[in-house]
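Comments concern the structure below.
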Amino acid sequence: MNKAVRKTVIAGNWKMNKTRPEAKALIEELKPLTAKADCDVVICVPYTNLETALALTEGSNIKVGAENCHWAESGAFTGEISALMLKEMGVQYVIIGHSERRQYFGETDVTVNKRVRAALDAGLTVILCVGELLEQREQGITEEICAMQTKIALAGVTEEELSRIIIAYEPVWAIGTGKTATSEQADEVNGYIRSVVAKLYNNNAAQKLTIQYGGSMNAKNADELLAKEHVDGGLIGGASLKAPDFAAIVAAASK
Ligand code: 13P
């Protein structure tokens, strides 16, 4: 991270976990542990927990995000939630393009771009996920994949709007597997993504962009990952479900 130049953001992605009472207990435990954070702290929770999370984090430094949103403002899209609906509730962040959505729910680079546009139009901050599969890394096309995902997702996004974009580099092979990318691998790809953004916009805009790492980030490896120049935070899955673990990552990002 380089706090002189850009924001450090630690975001939890709860995925499909926690009933409302469980969410309440986790947030209550988390609040005092992260109260002195010197970084931005976000929890992205299932839709059913948004209202609970918003109420319980009021007046605290924890911000609330959703895990996806649809691209239309409203309409016949059974089961979907619009960016406008999230914004109206007071939600500030939304994860878009997570690899689990790409893998299990037919999300493509084009639908990711549509969702990014809708989220920005509604006034939300986007956590945009990109990352390669294991076979793509083995084929030596990690950079091509990340560049393509980044470029398509950011189509039609202005330089001014880029201040409401966070990119999360999440190598798919590192998600939920316990296999973390080495800090060198994370720094290398994050730095590469920054160079792609510099070419799309300019160097100044790219330097200011927060680029997180995600994939088995935990209390033990956070220090080393966050020490890298281009790792501006983390998108945390499993470890965000345990308050002491998530708080330890927030503490590492607060140094
Ligand atoms: P894990 O931290 O459980 O590997 O999940 C990472 C992730 O997918 C965050 O979005």
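Note that ligands are numbered from 1 as they come in the structure, with each ligand's atoms numbered from 1 the same way.
Counting heavy-atom neighbours within 6.0 Å of Lys3 NZ, excluding the residue itself, gives a total above 12. The environment of Glu73 atom CD is sparse: at most 12 non-hydrogen atoms of other residues, nucleotides or ligands sit within 6.0 angstrom.
The N/O atoms of Asn13, backbone and side chain alike, include one that comes under 3.5 Å of an N/O atom in ligand 1. For Thr177, no nitrogen or oxygen atom sits less than 3.5 Å from a nitrogen or oxygen atom of ligand 1, counting backbone and side chain alike. Residue Gly176 has at least one nitrogen or oxygen atom sitting less than 3.5 Å from a nitrogen or oxygen atom of ligand 1, judged on distance alone. The N/O atoms of Gly237, backbone and side chain alike, include one that comes under 3.5 Å of an N/O atom in ligand 1.
Ion pair Arg117/Glu161 flagged as a salt bridge, since at least one NZ, NE, NH1 or NH2 atom sits closer than 4.0 Å to an Asp/Glu carboxylate oxygen. Between Arg6 and Glu229 there is a salt bridge, with a side-chain nitrogen of the basic residue lying less than 4.0 Å from a carboxylate oxygen of the acidic one. Salt-bridge formation is not detected for the pair Asp109/Lys151: no Lys NZ or Arg NE/NH1/NH2 atom is positioned less than 4.0 Å from an Asp or Glu carboxylate oxygen. Looking at Glu159 and Lys208, no side-chain N of the basic residue comes within less than 4.0 Å of a carboxylate O on the acidic one, giving no salt bridge.
Within the 4.0 Å heavy-atom cutoff, Gly214 does not count among the residues contacting ligand 1. At least one heavy atom of Ala174 sits less than 4.0 Å from an atom of ligand 1.
Numbered from 1 in the order shown, with element, the atoms of ligand 1 that lie under 4.0 Å from a heavy atom of Ser216 read 1 (P), 2 (O), 4 (O). Proximity to Gly215 (heavy-atom distance under 4.0 Å) selects the following atoms of ligand 1: 4 (O), 6 (C).
Contact annotation for Cys129 and ligand 1: no heavy atom of the residue comes within less than 4.0 Å of the ligand.
The nearest heavy-atom contact from the protein to atom 9 (C) of ligand 1 is Glu170 OE2, 2.8 Å. Protein heavy atom nearest atom 3 (O) of ligand 1, with residue, atom name and distance: Gly238 N, 2.8 Å. Looking from atom 5 (O) of ligand 1 to the surrounding protein, the closest heavy atom is Lys15 NZ, 3.2 Å.
Nearest heavy-atom pair, Gly97 versus Val112, reported as atom, atom and distance to 0.1 Å: CA-CG2, 3.6 Å. Smallest separation of non-hydrogen atoms from Val172 and Gly131: CG2-O, 4.1 Å.
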